[in-house]
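Just so you know, these numbers come straight off a predicted model, no measurement behind them.
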Amino acid sequence: MNIFLSLILVAASTYHTISVDGNLEDWSAEELVIPDSPTDCGVTGNEIYGVYITWDKNNLYIGGSYKLQQKALLIVMDRGIGRGVHDINNLDWYPRNFQFFGMNADILIALWNADLGTGGVREITGEIVNNTVRTLPFSNVTVQNHALPGDSGGIEVALPFSSLFPGGFLANAKIKVVALIAGSDHEGGVESAPDNPTIRPYQASPV
């Protein structure tokens, strides 16, 4: 089988409309793009199990399988349009002590203690306002969470392509994603997917 045909078959198997309800049962195995060990977080009650991605003609879908207890879940994206920031420790929303290499942070999905009422989806504009980096609610997003503190659950997000790429797709753009569990404002991390041995709770964590 040639590489071109292989790519067509992979794309076909992952092209999939997701019912955004926080229940991860409708994702396929091929859509688990970042699997993670279920036992590699050293802080009890917290774990990232994996990140899922698929799409249809209207949306990019992201799913996160996790559990949280008095920690924050962050799913950080670089959509490949040349915007975003290297360091998210001075954001005006969910500032955490992470520095990114090989990607910029320009979209942030976040919540605290498995409670979507404390989170949502925001775009990182890079604009400095009152010594903080401005974030704005992401337009037309759909997000649902299905988890309780300390129990395994899921978060699902539908990001419209019309909002992700309002000027149209860029040639050769690459979407990059990483999931993190962190402490309170300006603290570092305790867990990362993909795994990252440099994640640290009380110092800057390079990602």
Side-chain angles (χ1 to χ4, degrees), residues 3-4 6-20 24 26-36 48-66 73-88 91 93-94 96 98-111 119-126 133 135-145 154-181 189 191-196 205-207:
I3 292 174
F4 180 70
S6 298
L7 290 174
I8 290 176
L9 292 176
V10 169
S13 68
T14 58
Y15 183 89
H16 178 199
T17 297
I18 295 295
S19 176
V20 180
L24 299 172
D26 53 345
W27 294 83
S28 70
E30 291 87 355
E31 293 162 346
L32 178 60
V33 296
I34 309 176
D36 195 62
I48 299 171
Y49 300 107
V51 177
Y52 297 78
I53 294 180
T54 192
W55 62 91
D56 60 21
K57 66 178 181 179
N58 296 314
N59 299 297
L60 177 74
Y61 297 97
I62 297 178
S65 177
Y66 74 94
L73 174 71
L74 285 71
I75 300 177
V76 183
M77 285 183 59
D78 178 348
R79 71 189 122 164
I81 64 173
R83 297 178 60 183
V85 296
H86 156 71
D87 189 325
I88 64 168
L91 300 185
W93 186 77
Y94 275 89
R96 296 300 188 272
F98 294 102
Q99 297 176 353
F100 297 91
F101 298 88
M103 67 178 286
N104 282 333
D106 72 342
I107 295 174
L108 177 59
I109 302 163
L111 49 70
V121 184
R122 293 205 176 199
E123 180 177 2
I124 300 169
T125 69
V133 175
T135 63
L136 295 173
F138 193 81
S139 60
N140 302 313
V141 69
T142 303
V143 55
Q144 291 291 334
N145 181 64
I155 185 170
E156 294 180 325
V157 182
L159 299 161
F161 287 120
S162 58
S163 298
L164 277 171
F165 304 105
F169 289 102
L170 297 181
N172 302 315
K174 293 182 173 67
I175 293 174
K176 300 178 182 180
V177 179
V178 63
L180 305 158
I181 293 177
E191 164 77 314
S192 173
D195 285 333
N196 187 338
S205 292
V207 178

Chi angles and distances behind the side-chain contact (heavy atoms from CB on, under 4.5 Å) call for Phe100, Val85:
CA-CA 8 Å; Phe100 297 91; Val85 296; over 6 Å; no

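- Remark: Phe138 CZ to Met77 CE distance equals 7.5 Å, nearest 0.5 Å.
- Under the 4.5 Å side-chain criterion, counting only non-hydrogen atoms from C-beta, Asp87 is not in contact with Val133.
- Side chains of Leu60 and Arg79 form no contact here, defined as non-hydrogen atoms less than 4.5 Å apart.
- Judged purely by atom type and a 3.5 angstrom limit, Asp78 uses its side chain to pair as donor or acceptor with the backbone of Asn104.
- In this structure, the separation between CD1 on Ile18 and CD1 on Ile53 is 11.5 Å, given to the nearest 0.5 Å.
- Residue Thr142 holds its OG1 atom at 11.0 Å from CD of Glu156, rounded to the nearest 0.5 Å.
- Annotation: side chain of Lys57 is in contact with side chain of Tyr15 (closest heavy-atom distance under 4.5 Å).
- You'll find the side chain of Arg96 stays beyond 4.5 Å of the side chain of Leu180, heavy atoms only.
- Here OG1 of Thr135 is found 6.5 Å from CG of Leu91. Values are rounded to the nearest 0.5 Å.
- Looking at every heavy atom in both residues, Pro206 comes nearest to Phe101 through CB-CE1, 3.7 Å.
- You'll find the side chain of Leu74 reaches within 4.5 Å of the side chain of Ile88, heavy atoms only.
- Taking each heavy atom of Pro194 and Ile34 in turn, the nearest pair found is N-CG2, 3.4 Å.
- Once rounded to the nearest 0.5 Å, the distance linking CG of Leu136 with CZ of Arg122 reads 7.5 Å.
- Contact check for Leu73 versus Ile48: side-chain heavy atoms found under the 4.5 Å cut-off.
- Ring geometry for Trp27 versus His16: interplanar angle over 60°, hence perpendicular rather than tilted (30 to 60°).
- With sequence neighbours left out, Phe165 forms a ring-ring contact (aromatic ring centres under 6.0 Å, His included) with Phe169.
- Closest non-hydrogen pair, Ser65 versus Tyr52, comes out as CB-CE1, 4.3 Å.
- No side-chain donor-acceptor contact under 3.5 Å links Asp36 and Tyr66.
- Trp55 CH2 to Leu164 CG: the interatomic distance, rounded to the nearest 0.5 Å, is 13.5 Å.
- Of all non-hydrogen atoms in Tyr61 and Asp56, the two that sit nearest each other are OH-OD2, 2.7 Å.
- With Ile109 as reference, Ile75 is the one residue of Val76, Val141, Ile75 to meet the side chain to side chain contact (heavy atoms under 4.5 Å, CB included) rule.
- When all heavy atoms are compared, the tightest approach of Asn196 to Val207 is ND2-CA, 3.6 Å.
- Shortest non-hydrogen contact noted between Asn140 and Ser163 is ND2-OG, 3.6 Å.
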